[in-house]
Amino acid sequence: MSRDNALPLPPDRRLLLKGALAAGALTALPGVGAAHAATGGPAASPAGPGAAAPYVNPLVRNRADPHIHRHRDGFYYFTATAPEYDRIILRRSRTLRGLSTASESVIWRKHATGVMGAHIWAPEIHHIDGKWYIYFASAPAEDIWAIRIWVLENAHPDPFKGTWVERGQLKTAWETFSLDATTFTHRGTRYLAWAQHEPGMDNNTALWLSRMADPLTLTGPQVRLSTPELPWEVIGFKVNEGPSVIRRNGRLFMSYSASATDFNYCMGLLTVDEDADLMNPANWSKSQAPVFTSNDTTKQYGPGHNSFTVAEDGRTDVLVYHARQYKDIVGDPLNDPNRHTRVQRLGWKPDGTPDFGVPVADTPTPSSRKES
């Protein structure tokens with residue numbers, strides 16, 4: 001299998017130096033706790049007096065379900081849901097902070113009719129076996145809630161060039177509501193994790209896992225890892241969605257989002273030992289309380305649908321997610337465009353589990369400092 005995967009791993013020394021030079025300095029990330037190295041080693045040193053200023057949050061406005069892939073070419077590639085639900089966008093920068101002002105390209109637009117004609121949601125960009133892939137959710141223009149997982153492919157080394165080819169629907173066991181596909185490799189095997197409604201189940205979506213025969217095809221059993229059942233997972237809607245995987249400290253951690261997409265939206269966590277069979281649901285344990293929630297102090301609401309990446313130093317783990325800056329929403333939350341992309345340091349507890357902390361407050365602007 002390709003060395004490329006969805007688990008943020010440290011770059012080689014040449015890439016680390018390249019990123020540091022591009023940044024001008026190792027960038028400090030707001031957040032809590034010290035982040036371990038990707039191998040579960042010692043914590044990265046905190047930023048010193050000469051370090052670059054913290055990133056500005058929100059990082060990218062009006063972009064939900066953010067996904068950031070740090071490629072071995074030294075660039076961060078960013079994609080996310082546009083609030084019009086009509087296109088797939090792409091940005092890149094040599095620094096995370098630079099994504100805020102990076103040029104944005106539309107690499108694909110929805111169809112006027114038929115399949116892939118509505119609800120273009122939650123794209124993720126991955127580089128697999130020498131090609132670029134984007135996994136995303138969409139529905140037919142004539143049946144906008146018949147949402148399924150679809151795939152684009154680009155063989156050009158530069159995803160801003162070449163042609164994005166529609167490779168069709170990624171078929172799962174049932175033709176039911178499905179979305180939020182993410183892919184990762186573990187010990188030479190590629191997996192797909194996603195959210196889907198199981199026929200006969202009293203929920204909206206559960207979390208599923210399958211091995212992949214190739215970037216377009218599932219193989220073998222498809223197992224349910226988690227279903228919404230705890231009180232914080234079933235507010236408004238019974239939802240487990242938006243999985244993302246990080247491997248540290250001898251374990252794999254799968255974060256996910258739960259409940260309706262208003263201020264009740266929050267994140268949970270599944271954990272499995274790295275030596276265990278990932279395809280056995282009994283090997284996964286589930287957090288009984290949410291690990292990342294709305295916070296009145298920092299005034300961030302509905303944090304979720306995250307991904308993970310690594311800072312320019314190649315060691316500090318970074319949490320990428322969206323949140324709103326207010327609690328009250330008029331009408332359907334899906335029609336509210338103000339879910340903004342945010343980033344902060346992902347900490348690690350003494351027991352080796354991730355410490356998500358709280359969603360950071362907005363970065364003060366000169367005008368807000370004067371008013372405070």
Side-chain angles (χ1 to χ4, degrees), residues 1-9 63-82 87-92 99 104-111 115-116 119-139 147-172 178-186 188-196 208-220 222 241-247 254 305-310 320:
M1 298 298 294
S2 167
R3 291 175 56 226
D4 300 309
N5 59 57
L7 300 180
L9 298 173
R63 295 291 178 264
D65 314 322
H67 184 257
I68 296 177
H69 166 74
R70 192 185 192 197
H71 195 46
R72 56 191 177 192
D73 63 3
F75 281 103
Y76 290 95
Y77 290 87
F78 168 87
T79 188
T81 301
R87 64 194 185 277
I88 295 177
I89 58 91
L90 193 61
R91 300 186 184 200
R92 72 176 163 196
L99 291 171
E104 186 171 278
S105 295
V106 177
I107 58 100
W108 183 87
R109 291 187 183 274
K110 72 175 184 178
H111 294 188
V115 298
M116 294 182 284
H119 281 157
I120 310 305
W121 284 353
E124 287 200 5
I125 184 167
H126 297 269
H127 194 263
I128 306 170
D129 297 332
K131 295 181 180 180
W132 293 96
Y133 292 88
I134 288 180
Y135 298 86
F136 66 103
S138 72
I147 293 173
R148 304 290 187 270
I149 299 165
W150 298 79
V151 188
L152 304 178
E153 179 187 83
N154 190 341
H156 199 283
D158 183 347
F160 288 85
K161 299 179 181 178
T163 301
W164 283 97
V165 178
E166 297 173 0
R167 295 305 305 269
Q169 182 182 342
L170 195 154
K171 292 286 188 177
T172 63
S178 51
L179 70 170
D180 295 352
T182 190
T183 183
F184 64 96
T185 58
H186 182 56
T189 298
R190 181 162 293 280
Y191 296 86
L192 190 86
W194 74 100
Q196 185 164 12
W208 295 84
L209 187 70
S210 175
R211 295 185 181 92
M212 303 188 80
D214 57 57
L216 306 171
T217 312
L218 303 184
T219 185
Q222 299 173 30
E241 66 181 17
S244 187
V245 177
I246 186 169
R247 181 177 63 243
M254 180 182 291
H305 202 122
N306 79 290
S307 59
F308 299 103
T309 190
V310 66
V320 185

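Because the structure is predicted, anything quoted here is derived from the model rather than measured.
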For the student: nearest non-hydrogen atoms of [X] and [Y], plus distance:
X	Y	answer
Ala181	Leu192	CB-CD1, 4.0 Å
Val310	Tyr76	O-OH, 2.6 Å
Ala80	Ala64	CB-O, 3.1 Å
Glu124	Thr183	OE1-N, 4.5 Å
Ser307	Ser244	CA-OG, 3.4 Å

Between the side chain of [X] and the main-chain N/O of [Y], is any donor-acceptor distance below 3.5 Å?
X	Y	answer
His111	Val115	yes
Ser178	Arg148	no
Ser138	His119	no
Trp164	Pro159	yes
Asn154	Lys161	yes
Arg167	Val151	no
Tyr77	His67	no

Can you check whether [X] reaches [Y] side chain to side chain, under 4.5 Å on heavy atoms?
X	Y	answer
Met254	Thr182	no
Pro215	Tyr135	yes
Glu104	Leu90	no
Arg72	His127	yes

Worksheet item: Mind checking what makes side chain to side chain donor-acceptor pair (under 3.5 Å) contact with Asn306, not counting sequence neighbours?
Response: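 Residues passing side chain to side chain donor-acceptor pair (under 3.5 Å) with Asn306: Ser255.
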Interatomic spacing from [atom1] in [X] to [atom2] in [Y] - rounded to 0.5 Å:
X	Y	atom1	atom2	result
Trp121	Glu241	CH2	CD	8.0 Å
Met116	Trp150	CE	CH2	5.0 Å
Ile134	Glu153	CD1	CD	11.5 Å
Asp65	Thr81	CG	OG1	3.5 Å
Gln196	Ile149	CD	CD1	6.5 Å
Tyr133	Ile125	OH	CD1	12.5 Å

Discussion item. Would you say the rings of Phe136 and Trp108 are close, in the sense that their centroids are separated by under 6.0 Å?
Written reply: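 Under 6.0 Å, so yes.
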Worksheet item: Taking the inter-plane angle between the rings of Trp132 and His69 on a 0 to 90° scale, is it parallel (under 30°), tilted (30 to 60°) or perpendicular (over 60°)?
Response: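 Judged by the thresholds at 30° and 60°, the geometry between Trp132 and His69 is perpendicular.
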Item to complete: Would you please test Tyr191 and His186 for side-chain contact (heavy atoms from CB on, under 4.5 Å) and show each step?
Response: CA-CA 8 Å; Tyr191 296 86; His186 182 56; 4.0 Å; yes
Discussion item. Arg87: which residues meet the side chain to side chain contact (heavy atoms under 4.5 Å, CB included) condition with it, sequence neighbours left out?
Written reply: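 Testing Arg87 for side chain to side chain contact (heavy atoms under 4.5 Å, CB included), a comparison that skips the adjacent residues, returns Arg63, Ala82, Glu84, Ile89, Val106, Arg109.
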Worksheet item: Of Thr163, Thr79, Ile88, which is the lone residue that meets side chain to side chain contact (heavy atoms under 4.5 Å, CB included) with Ile107?
Response: Ile88
Discussion item. Show, in sequence, the C-alpha distance, side-chain angles and deciding distance for Arg211 and Leu218, and conclude whether the side-chain contact (heavy atoms from CB on, under 4.5 Å) test is met.
Written reply: CA-CA 6 Å; Arg211 295 185 181 92; Leu218 303 184; over 6 Å; no
